[in-house]
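In what follows, chains are A, B, ... by sequence order, proteins preceding strands, each numbered from 1. Everything numeric in this text was worked out from a predicted model, so none of it was measured.
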Number of protein chains: 2
Amino acid sequence: MKRKPSTEATSAWIRLMRVQSRVLDCVEQDLKKAGFPPLAWYDALLELSRAPSGELRPVELERQMLIPQYSTSRLIDRLVDEGLACRRECKIDKRGQFVEITEAGRELQKRMWGAYSAAIEKYVGSKLSDADAVKLSGLLDRLGCSCGEMKLPPVVNVNASSPSR
Amino acid sequence: MKRKPSTEATSAWIRLMRVQSRVLDCVEQDLKKAGFPPLAWYDALLELSRAPSGELRPVELERQMLIPQYSTSRLIDRLVDEGLACRRECKIDKRGQFVEITEAGRELQKRMWGAYSAAIEKYVGSKLSDADAVKLSGLLDRLGCSCGEMKLPPVVNVNASSPSR
DNA sequence: CCTCACTCGATGCACCTGCATCAATCTTGA
DNA sequence: TCAAGATTGATGCAGGTGCATCGAGTGAGG
């Protein structure tokens, strides 16, 4: 027989949805008002800037960012159009390519982190003690794994000067 | 001088973003695979079904759902196209209208809740104890309020047979 | 009564997304 | 060596979203 969904789980679900969409909206708005592109661009630039020589295969980027393939493809188009990245041929696999971050890309990533980290502080840091933030992370982590077939990217360390993911 | 964003807050932020997008994706996929429309439709139908006579002004719906005006307008279009709601003239304010849920709308809302609650149970309830779900809700609530000018809708009770929001 | 500011809801436009599919290339295994 | 299948990345199409703006209607002040 079916188990009735717990009221607590439902309530947690609702809050999770509402709160993240509100907070995300706030952060994105702050960035937009400061004249920056969407957060997805930042994420991509960050991944690229971390990569060994500032370049990644699109398929790697896709796996890091957990977004669909076509989405990656078009995001790269836009980054290239804006001169934030450029495409390089991939000698070892002619189907593929490398995407390399440019100086302008690195520079934008750093400038965005200024605004981004300020927004996180404003909408998250200022509302939660460190201890509570840790508790929250812990509880969220338990939800994170194994929705269907899970492919969590090697979750990176969160250091002071760039947020990882 | 600027305060440096806390590592804990950043980490909590990242997890919040990642986890909710994963969990939401999973739930939406389950619903889609069961042949149901997107969750936004469910939310709208739920709000309507709860309203005094099953009808609301679009502007009310918009405030309940915290989505932009044009979004409400087009969502209503779609619901009406599918026969899940119908428009009624508003005698007291000729600019406005009422949107009324139909029987088909009520019926769909109930059927969706079956699949929806099962998905919540699967992706949230089964991973957290009730006590942890309560803790999570509490921590999230602290983030929820006052992003810029806050207009929290009168948050409704979460009862056993329909999830509220 | 009239005007002006505001609210309600719709819509044209640009862009973004999901889906399906494609061509090119790589890999596997007989 | 070669055919079958998998992988990489791009793209046409339909539909969803944000933004700006519009017309209609309301309501407060003079």
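Contact between the side-chain N/O atoms of B/Q97 and the OP1/OP2 oxygens of C/dA10 is found at a separation under 4.0 Å. For the OP1/OP2 pair of C/dG9 and a distance below 4.0 Å, the side-chain nitrogens and oxygens of B/S73 include no atom meeting the criterion. Between A/R87 and the phosphate of D/dT8, there is no side-chain N or O to OP1/OP2 separation shorter than 4.0 Å. Taking only side-chain nitrogens and oxygens, B/K32 comes nearer than 4.0 Å to OP1 or OP2 of C/dC19.
Per the geometry, CH2 belonging to B/W41 stands 12 Å off C1' belonging to D/dG16, to the nearest Å. Going from atom OH of B/Y70 over to atom C1' of C/dC8 covers 16 Å, rounded to whole Å. Between B/K94 atom NZ and D/dG27 atom P there is a gap of 12 Å when expressed in whole angstrom units. What separates CZ of A/R78 from P of C/dC15 is a distance of 11 Å, to the nearest Å. Taking atom CG of residue A/D93 and atom P of nucleotide D/dA6, one finds them 17 Å apart after rounding to whole Å. Atom-to-atom, CD1 of A/I76 to P of D/dG9 comes out at 8 Å; the value is rounded to the nearest Å. Atom pair A/E62:CD and C/dG18:P shows a separation of 12 Å (rounding to whole Å applied). What separates CZ of A/F98 from P of D/dT8 is a distance of 12 Å, to the nearest Å.
The 5' end of DNA chain C is approached more closely, in terms of each residue's nearest nucleotide, by A/Q69 than by the other of A/Q69 and A/I92. Along DNA chain D, the nucleotide nearest to B/K91 and the one nearest to A/G96 differ in position, and the one closer to the 5' end is contacted by A/G96.
By the 4.5 Å heavy-atom criterion applied to side chains, A/L16 and B/L136 are not counted as neighbours. Residues B/L56 and B/E47 have side chains in contact (heavy-atom distance under 4.5 Å, counting atoms from C-beta outward).
Side-chain atoms of B/R95 and base atoms of D/dT26 include no donor and acceptor less than 3.5 Å apart. In this model, a side-chain donor or acceptor of B/R74 finds a partner on the base of D/dG18 within 3.5 Å.
Under the 3.5 Å distance criterion, with hydrogens and angles disregarded, a donor-acceptor pair is assigned to the side chains of A/S11 and A/R15. Between the side chains of A/Y123 and A/D30, at least one donor N or O sits under 3.5 Å from an acceptor N or O.
Remark: B/Q64 CD to B/L46 CG distance equals 9.5 Å, nearest 0.5 Å.
Backbone-only contact: A/R57 has heavy atoms under 4.0 Å from sugar-phosphate atoms and none from a base.
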